[in-house]
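Along the sequence shown, residues are numbered consecutively beginning with 1. Atoms within a ligand are numbered from 1 in the order they appear, just like the ligands themselves. Predicted model, so just to flag it, every value in this text is computed and none were measured.
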Amino acid sequence: MAVIKAQPFDFTFEPSTTGLVMIDFQRDFMEPGGFGETLGNDVSLLRAAIEPAQALLAAFRKAGLPVIHTRECHRPDLSDLPDAKRDRGAPSLRIGDAGPMGRILISGEPGADIIPELYPIKGETVIDKPGKGAFYSTEFGAVLADLGLKQLIFAGVTTEVCVQTTMREANDRGFDCLLATDASESYFPAFKAAAIDMITAQGGIVGWASPVAQIVEVLDG
Ligand code: TIU
């Protein structure tokens, strides 16, 4: 067993049953002209997570441990897009509309793909998901079971939306979940801080939190 210093207490894990989950590092959230910006957000806020996420990804690859990437996106025919999601609020472009990076949040379009800095390599799994959580209506749970994983380390965007939702879903399914704090960002810094507090409060009611440096130190051994 290995031990990472974390909040609210040490995260003890077996490397051979531990995977990295990279949530929605997509151009649609990270770059101008995508879904995040259509919602009125300053997407530059998310870029702080890139360098720490690269370090975490490199450590997992070096250790030969599994990496799973997710992408929030919908089928081109919108058959997996609930009206409630498409019609919510007053974005400048809605999901499925044509934007500068192709149709907003649609599978196969440039905007829905993962940013080049964190692009998957051969052997890594990519899960397309229609919801905020990665388990809903996807093969994510089956992939984790096939890989024999019990502990998950999370990076991604945004902390309080897709990352926290997926951590909660994973926690309910019996996984020990650790958030790599600086490898995750939000359009709302106060929400990121609150999400970390919510995850780790009450004795780790959802999971653990630790900066990338403390995780990499242990993975690099
Ligand atoms: N809007 C926002 O903060 N997030 C999302 O819509 N999706 C993800 O977090 N990936």
Open item on the list: Any heavy atom of Phe188 closer to ligand 1 than 4.0 angstrom?
Closed with: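 It does not; every heavy atom stays at 4.0 Å or beyond.
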In the protein, what heavy atom is nearest to [atom], and what distance, to one decimal place, separates them?
atom	answer
atom 1 (N) of ligand 1	Leu39 CD1, 3.8 Å
atom 7 (N) of ligand 1	Glu72 OE1, 2.9 Å
atom 5 (C) of ligand 1	Phe29 CE2, 3.4 Å

Report, in ascending order of atom number, the atoms of ligand 1 lying under 4.0 Å from any heavy atom of [X].
X	value
Phe35	6 (O)
Tyr187	3 (O)
Val157	8 (C), 9 (O), 10 (N)

Open item on the list: As a test of understanding, state which of Asp24, Asp113, Asp28 forms a salt bridge (Lys or Arg N to Asp or Glu O under 4.0 Å) with Arg71.
Closed with: Asp113
Task: Closest approach of Thr70 to Ile23 (non-hydrogen atoms, all atoms of both residues) - done: OG1-CA, 3.3 Å
Are any of the side-chain nitrogens in [X] or [Y] under 4.0 Å away from the carboxylate oxygens of its partner?
X	Y	answer
Lys129	Glu139	no
Lys150	Glu14	no
Lys5	Glu217	no

TODO: Return the option from Ala134, Cys162, Gly40 holding the heavy atom at the smallest distance from atom 8 (C) of ligand 1.
DONE: Cys162
TODO: Decide salt bridge (charged side-chain N to carboxylate O under 4.0 Å, His left out) for Lys62 and Asp220; before the verdict, give the C-alpha distance in whole Å, the side-chain angles of both, and the deciding distance to 0.1 Å.
DONE: CA-CA 8 Å; Lys62 194 171 140 203; Asp220 282 352; 3.7 Å; yes
Open item on the list: Checking contacts here: is it the side chain or the backbone of Thr158 that comes within 4.0 Å of ligand 1, counting heavy atoms only? Could be both or neither.
Closed with: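 Within the 4.0 Å criterion, Thr158 contacts ligand 1 through backbone and side-chain atoms alike.
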Task: Region of Lys132 that comes within reach of ligand 1 [heavy atoms, distance under 4.0 Å] - done: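 The side chain, only.
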- [ ] May I ask you to check whether Thr200 and Gln7 show a side-chain donor-acceptor distance below 3.5 Å?
- [x] no
Open item on the list: Considering both backbone and side-chain atoms of Val161, is one of its nitrogen or oxygen atoms within less than 3.5 Å of a nitrogen or oxygen in ligand 1?
Closed with: no
Task: Under 3.5 Å: N/O of Asp24 near N/O of ligand 1 - done: yes
Open item on the list: I'd like to know if the side chain of Asp80 and the backbone of Arg75 have a donor-acceptor N/O pair within less than 3.5 Å.
Closed with: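 Yes.
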